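Excluded from the calculations below are hydrogen atoms, water molecules and symmetry mates; all remaining heavy atoms, backbone and side chain alike, are included. Everything quoted here is computed from the prediction, not taken from an experiment. Counting convention: from 1, in listed order, for ligands and their atoms alike. Nothing fancy with the numbering, it's 1 onward along the sequence.
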Amino acid sequence: MTFNTFKFAAVAAALALSAPAFASLTYATGQDLDHDGLDDQFTVNSAQAYLVTAAAPGWPVLPQPSVTSGRYISWDPIQSGRPSTVFRNNVYNYSFQFNWAGSMLQGNADTTTFDFRWISDDYLTDVTLNGTSLGVNNIGASKVWRISNSASVVGELLQGLNTINFLVNNTGGGANGLAADFTIHGNAVAVPSSDVPEPAPLALMGLGLAIALAVSRKRA
Ligand SMILES: [Ca+2]
Ligand SMILES: [Ca+2]
């Protein structure tokens, strides 16, 4: 693809995102379409998240569609054989970013709902949206790998890039991991966390499209 055709595709895609599509975004941890052993979207403490290849004792085998379609991710792919004396009370920040195109499903601009299902080691202490708590946790669960879910959680979104953080406290030390799936209801689009787009005014986007079309016609 030449630079100009790439530019045209990018501009066309950006314009398409501005149309009301009312499509929900669902993501499950452990997606690895490029087979590099790293989650394609999540980071952990600002580093890319590994798919866990060696789970700790007691962790349910995943994925289980009735529990979560996510797979375990963590800061290290090996989460077995680690003593509980290490990494105790370390908080791991599992982060996911997505673009919001601005649908209004509930009648209020930028208000939408989220559905979460997850398993964590140890406790999920909070889920935040752009730094604001969504009140989702499983603090005090009888088992650290307890199956948890929370539906119809209301959140206020920003136009453009948004960040969801899953905060997992490794209260018992040793292994740490998160497996989750979640749905963002509305016109949301996932973007790679390493490819944060700059917001573009509509006029500039239109100008870019006009230039791309002109170049395309000239070469035709
Ligand atoms: Ca990957
Ligand atoms: Ca642990």
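- Distances from the Ca ion (ligand 2) to the N/O/S atoms of Asp121 are shortest for OD1.
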Practice task
Show your working on side-chain hydrogen bond (donor to acceptor under 3.5 Å, both in side chains) between Thr68 and Asp181 and close with a plain yes or no.
Solution key: CA-CA 6 Å; Thr68 177; Asp181 61 70; 2.6 Å; yes
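- A donor and an acceptor atom, one from each side chain of Thr183 and Ser24, are nowhere located under 3.5 Å apart.
- With the Ca ion (ligand 2) as the vertex, OD1 (Asn170) and O (Gly173) define an angle of 80°, rounded to 10°.
- Looking only at N/O/S atoms, Asp122 comes nearest to the Ca ion (ligand 2) through OD1.
- With a 6.0 Å radius and a threshold of 12 heavy atoms from other residues, nucleotides or ligands, Tyr50 has its OH atom at or below the threshold.
- At a cut-off of 3.5 Å, with distance as the only test, a side-chain donor of Tyr27 or Asp39 sits close to an acceptor on the other residue.
- At a cut-off of 3.0 Å, measuring from the Ca ion (ligand 1), the protein N, O or S atoms that fall short of it are Asp32 OD1, Asp34 OD1, Asp36 OD1, Leu38 O, Asp40 OD1, waters left aside.
- Ser95 and Asn165 share a donor-acceptor pair across their side chains, judged by distance under 3.5 Å alone.
- Residues Asp121 and Trp59 have side chains that bring a donor and an acceptor to within less than 3.5 angstrom of each other.
- Side chain to side chain, Thr43 and Gln48 fail the donor-acceptor criterion of an N or O pair below 3.5 Å.
- Not one N/O/S atom of Phe87, from backbone or side chain, sits under 3.0 Å from the Ca ion (ligand 2).
- Ring geometry, Phe87 versus Tyr92: the interplanar angle exceeds 60°, so the pair is classed perpendicular (tilted spans 30 to 60°).
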